[in-house]
Enquirer: 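Dropping a structure here in structure tokens format, bear with me for questions.
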Number of protein chains: 2
Amino acid sequence: MPERDPTLMSGVPELVLLRLLAQRQMYGYDIARALKLLSRETLSLGEGVLYPALHALEARGLLRSRSRQVDGRTRIYYQATPKGCRRLERLTANWRRMSEGVERILGAHHD
Amino acid sequence: MPERDPTLMSGVPELVLLRLLAQRQMYGYDIARALKLLSRETLSLGEGVLYPALHALEARGLLRSRSRQVDGRTRIYYQATPKGCRRLERLTANWRRMSEGVERILGAHHD
DNA sequence: TTTCATGCCTCGCGACGCGAGGTATAGTCG
DNA sequence: CGACTATACCTCGCGTCGCGAGGCATGAAA
């Protein structure tokens, strides 16, 4: 398996969580699986990241949650609020700008 | 000016520093200017990031330094060691993998 | 002489990723 | 019945890191 760099992950959970939950409501376990599939294993958020992140986003009014009973188990579905969608747009723009900046430097050869 | 997201910067200093210093030796102020130009203002490392990062990389044996007097001012030139170059390759691969993972999620629409 | 560019530095705060550990239910296999 | 796995949620605490704020010194220009 590919080695990971924890330090390159900062801010990424918030970004991808908002992105997923701006499209449809999902619950924790669901999100974890979706991230693995969509990113082809490169972005797997452990539960120690996932749940605190969801709570923090909800506390900031970027997500809204409601719990539902399915087969005797409690699922907590999350969905992005309008405020969360706006935040997503800003975050996405920031990500692209930063990402392109890095790419320019990685691709630069000036000798 | 565009708003920045501090949290998206994690790990980036190490990456871009190694990249620049794998090509040629540079000193602190020089690096700060080069980063601004190359990344078109999107990646400006403050001195509170730059110097501690350089010291940490040197302490880990990824950079080598030597000071030189120019016009009565002391410049400390840094350059990537072979070990630093190997680290750069690994970091670059990690960056690309993570970056592509994020892009896949940002670009995904499944409804 | 004040101001600006150069050139280096550290301290301390806050934020964040993340592993480790915890709880509980439902279904399966022997 | 007991063991194990999958589902589904959670928190605590450690370590790392970006970064603003502040500091010191020199040379040149105003």
Side-chain angles (χ1 to χ4, degrees), chain A residues 3-18 25-36 39 42-60 62-63 65-78 91 94-95 98 101-102, chain B residues 3-18 25-36 39 42-60 62-63 65-78 91 94-95 98 101-102:
Chain A
E3 45 186 336
R4 327 210 87 280
D5 248 293
T7 59
L8 286 174
M9 285 296 295
S10 207
V12 170
E14 182 183 355
L15 175 59
V16 298
L17 252 27
L18 283 175
Q25 60 175 12
M26 300 172 78
Y27 58 97
Y29 234 69
D30 205 10
I31 294 171
R33 265 178 280 134
L35 277 179
K36 280 199 175 185
S39 70
T42 68
L43 254 48
S44 54
L45 300 197
E47 302 188 349
V49 178
L50 186 58
Y51 291 109
L54 288 172
H55 299 157
L57 289 173
E58 185 179 17
R60 289 163 60 195
L62 305 175
L63 295 182
S65 76
R66 80 202 112 132
S67 58
R68 191 185 301 173
Q69 297 294 325
V70 178
D71 295 330
R73 291 194 197 92
T74 303
R75 289 181 180 171
I76 304 182
Y77 285 83
Y78 290 90
L91 259 188
N94 289 157
W95 163 262
M98 200 265 317
V102 171
Chain B
E3 45 185 337
R4 329 209 87 279
D5 247 292
T7 59
L8 287 175
M9 285 296 294
S10 207
V12 170
E14 182 183 356
L15 175 59
V16 297
L17 251 28
L18 283 175
Q25 60 176 11
M26 301 172 78
Y27 58 98
Y29 235 68
D30 205 10
I31 294 171
R33 265 178 282 133
L35 277 178
K36 279 199 174 185
S39 71
T42 67
L43 255 48
S44 54
L45 300 196
E47 302 189 348
V49 178
L50 186 59
Y51 290 109
L54 288 172
H55 299 157
L57 289 173
E58 185 179 19
R60 289 162 62 194
L62 305 176
L63 295 182
S65 76
R66 78 205 115 134
S67 59
R68 190 185 300 174
Q69 297 293 326
V70 178
D71 296 330
R73 292 195 196 91
T74 302
R75 289 180 181 171
I76 304 183
Y77 284 84
Y78 291 89
L91 259 187
N94 289 157
W95 162 262
M98 201 264 316
V102 170

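All values reported here derive from a predicted model rather than from experimental measurement. Just so we're on the same page: letters track the sequence lines, and every chain starts at 1. Just the heavy atoms: all of them, side chains too, but no hydrogens, waters or symmetry mates, feed the values below.
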Enquirer: Counting only side-chain nitrogens and oxygens, does B:Tyr51 get under 4.0 Å of the OP1 or OP2 atom of C:dC8?
Expert: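 Yes.
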Enquirer: Side chains of A:Arg75 and A:Gln69: any donor to acceptor distance under 3.5 Å?
Expert: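 Result is no, nothing qualifies.
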Enquirer: Hey, which sits more toward the 5' end of DNA chain C by its nearest nucleotide, A:Leu45 or B:Glu47?
Expert: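 Upstream on the strand: B:Glu47.
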Enquirer: Which part of the nucleic acid, if any, lies within reach of B:Pro52 when heavy atoms closer than 4.0 Å are counted: base, sugar-phosphate only, or nothing?
Expert: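 The answer is base, as B:Pro52 lies within the cut-off (heavy atoms under 4.0 Å) of a base atom.
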Enquirer: Looking only at non-hydrogen atoms, find the nearest pair between A:Gly101 and B:Leu43 and report the distance.
Expert: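 Looks like C-CD2, 3.9 Å.
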Enquirer: Categorize B:Gly46 for me: base, sugar-phosphate, or nothing, with a 4.0 angstrom heavy-atom threshold over every strand shown.
Expert: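 No contact.
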Enquirer: Could you encode protein contacts along nucleotides 2-7 of chain D as a string, one character per nucleotide from 5' to 3', using B for base contact, S for sugar-phosphate-only contact and - for no contact, with a heavy-atom cut-off of under 4.0 Å?
Expert: -----B
Enquirer: A:Tyr78 vs A:His55 aromatic rings, parallel, tilted or perpendicular, using cut-offs 30° and 60°?
Expert: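 Correct class here is tilted.
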Enquirer: Just checking A:Ile76: base, sugar-phosphate only, or nothing, at a heavy-atom cut-off of under 4.0 Å?
Expert: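 Result for A:Ile76 = sugar-phosphate.
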Enquirer: Can you check whether A:His55 has a side-chain N or O nearer than 4.0 Å to OP1 or OP2 of D:dT11?
Expert: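 The answer is yes; a side-chain N or O of A:His55 sits under 4.0 Å from OP1 or OP2.
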Enquirer: Touch check for B:Gly28, heavy atoms < 4.0 angstrom, all strands: base, sugar-phosphate only, or nothing?
Expert: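 The residue B:Gly28 makes sugar-phosphate contact but no base contact.
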Enquirer: Roughly how many Å is it from CG in A:Leu54 to P in D:dT11, rounded to a whole number?
Expert: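 Spelled out: CG on A:Leu54 to P on D:dT11 is 11 Å.
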